[in-house]
Amino acid sequence: MAVTVNNPLVRGPDMVVLSHIQDPDVSLAVWDRAPPRTLLEGMAGLCPAHLPQGRVLVWLPDVRAALSGILAETPIGATMLGRLLIDDMLMLVKRFAAIAGNDIVDIRLDRLRHDACWKFHRDQVRLRLLTTYRGPATQIVPQAHAAQALRDQRAYRGPLEDLPDGAVALFKGLQAGPDTGVVHRSPPIAGTGTVRSLLCLNLPSEMSPPLWEP
């Protein structure tokens, strides 16, 4: 596995690169994967109103059932596309839980027509996993320009990197330590007609919904 290290960012083409987030010097691990094209093309071709969305706090053994419940509210619930999406999310939830050392995960699948977290920021969490199934992905700021981006916000014109289609990003946040984390933002899409599908995994918190029950 070829791993690129550019502190505090580590990236590579294999899922095991995500484990590097446990290194004290690493704040972001990016898995530059190639997800099933059928999944990304299927999500891109959906009517925006049919994109699934929902949030659950769930034990690992219940994840498939909880995600199936979210997709059951959409036309893709019983389709091959729905099964591909659930399988992919389940795989990522299991990996996130193993790295975080917690068998309960806060899963949020968003359908976004707006700029979401448009401000440059570091997350107020210990760990967060993001992947985009449709639309532009999260934008990250090189470490050398982080302070400028935080200061200038919408006026920032420095370098940005859009995560590749389907890439998986595992971020440390400020709860992992002072000034920990890579500065990033949601891509600006307001007024463009673009609709994003974003998966966000977090550890349980006071912001989480009640624990999901079958």
Side-chain angles (χ1 to χ4, degrees), residues 18 31 33 35-36 38-100 102-118 121 123-138 163 165-171 173 184-187 189-190 192-214:
L18 298 176
W31 173 19
R33 65 170 181 159
T38 305
L39 174 56
L40 294 189
E41 290 171 359
M43 294 294 282
L46 276 180
C47 168
H50 295 168
L51 289 169
Q53 62 178 346
R55 184 173 185 176
V56 288
L57 180 69
V58 61
W59 285 97
L60 281 185
D62 295 329
V63 169
R64 183 177 291 277
L67 293 177
S68 296
I70 291 174
L71 265 67
E73 300 177 6
T74 74
I76 72 168
T79 66
M80 176 62 73
L81 176 59
R83 290 191 290 273
L84 283 172
L85 181 59
I86 289 174
D87 286 346
D88 195 74
M89 291 191 292
L90 178 59
M91 176 268 296
L92 294 176
V93 170
K94 288 180 176 178
R95 188 61 179 168
F96 176 79
I99 292 171
N102 198 310
D103 288 338
I104 301 177
V105 179
D106 184 335
I107 305 171
R108 195 176 79 233
L109 184 61
D110 288 332
R111 180 174 66 215
L112 301 169
R113 299 175 180 269
H114 52 82
D115 291 347
C117 298
W118 65 266
H121 65 283
D123 291 324
Q124 292 286 344
V125 298
R126 180 165 71 86
L127 276 181
R128 172 170 289 166
L129 183 146
L130 297 175
T131 193
T132 303
Y133 290 115
R134 170 174 165 151
T138 302
L163 291 175
D165 286 350
V168 178
L170 186 54
F171 290 83
H184 61 285
R185 73 172 180 183
S186 299
I189 61 170
T192 66
T194 299
V195 181
R196 302 175 66 215
S197 178
L198 174 72
L199 176 68
C200 178
L201 304 183
N202 289 301
L203 293 168
S205 73
E206 60 184 25
M207 303 298 292
S208 299
L211 190 63
W212 185 87
E213 295 183 2

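In this text the structure is predicted, and so the values were computed from the model without any measurement.
When side chains are defined from C-beta on, L112 does not count as touching S186, because their heavy atoms never get closer than 4.5 Å. At least one side-chain heavy atom of R128 sits under 4.5 Å from a side-chain heavy atom of C200. Looking at heavy atoms from C-beta onward, L201 lies out of side-chain contact with L127 at the 4.5 angstrom threshold. Here the side chains of V125 and S205 are not in contact, with every heavy-atom distance at 4.5 Å or above. In this structure, L81 and L39 have side chains that are in contact, with non-hydrogen atoms separated by less than 4.5 Å.
R55 places no side-chain N or O within donor-acceptor distance of the main-chain N or O of D106, the cut-off being under 3.5 Å. A donor-acceptor pair under 3.5 Å is formed between the side chain of T131 and the backbone N or O of A167. Without hydrogens or angle criteria, R134 side chain to V195 main chain gives a donor-acceptor distance under 3.5 Å. A donor-acceptor pair under 3.5 Å links the side-chain atoms of R126 to the main chain of A100, judged by distance alone. R64 contributes no side-chain N or O that, together with a main-chain N or O of I86, makes up a donor-acceptor pair within less than 3.5 Å.
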Checklist entry - After noting the C-alpha distance and the side-chain angles of L92 and L199, does the key distance pass the side-chain contact (heavy atoms from CB on, under 4.5 Å) rule? => result CA-CA 10 Å; L92 294 176; L199 176 68; 4.0 Å; yes
Checklist entry - Between I107 and W212, does a side-chain contact (heavy atoms from CB on, under 4.5 Å) hold up when you go through it step by step? => result CA-CA 11 Å; I107 305 171; W212 185 87; over 6 Å; no
Checklist entry - Step by step, would you call R111 with L46 a side-chain contact (heavy atoms from CB on, under 4.5 Å)? => result CA-CA 12 Å; R111 180 174 66 215; L46 276 180; over 6 Å; no
Checklist entry - Given the rule in the side-chain contact (heavy atoms from CB on, under 4.5 Å) test, do T132 and D165 qualify, once you have shown the distances and angles that lead to the verdict? => result CA-CA 7 Å; T132 303; D165 286 350; over 6 Å; no
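Minimum interatomic distance between G166 and P35 (heavy atoms only, all atoms of both residues): CA-CG, 3.7 Å. The minimum heavy-atom distance between I70 and P52, with the atom names listed, is CG2-CB, 4.4 Å. When all heavy atoms of N102 and I104 are compared, the pair lying nearest together is OD1-N, 2.9 Å. Across all non-hydrogen atoms, the minimal contact from L51 to M43 is CD2-CE, 3.8 Å. Considering every non-hydrogen atom in both A49 and R113, the closest pair reads N-NH2, 4.3 Å. Taking both residues in full, the closest heavy atoms of F171 and H184 are given as CE2-ND1, 3.6 Å, listed atom of the first, atom of the second, then distance.
One finds the CG atom of L71 at 4.5 Å from the OG1 atom of T74 (value rounded to the nearest 0.5 Å). Here the CG atom belonging to L198 is positioned 5.5 Å from the CG atom belonging to L130, to the nearest 0.5 angstrom. If you take CG on L18 and CD1 on I99, they are separated by 5.0 Å, rounding to the nearest 0.5 Å. Taken to the nearest 0.5 Å, the CG atom of N202 stands 6.5 Å off from the CZ atom of R108. To the nearest 0.5 angstrom, S68 atom OG is 11.5 Å from D62 atom CG. Atoms CZ and CG, from R83 and L90 in turn, are 15.0 Å apart once rounded to the nearest 0.5 Å.
Surrounding CE of M207 are at most 12 heavy atoms belonging to other residues, nucleotides or ligands under 6.0 Å away.
Using a cutoff of 4.0 Å between basic side-chain nitrogens and carboxylate oxygens, D110 and R196 are not scored as salt-bridged.
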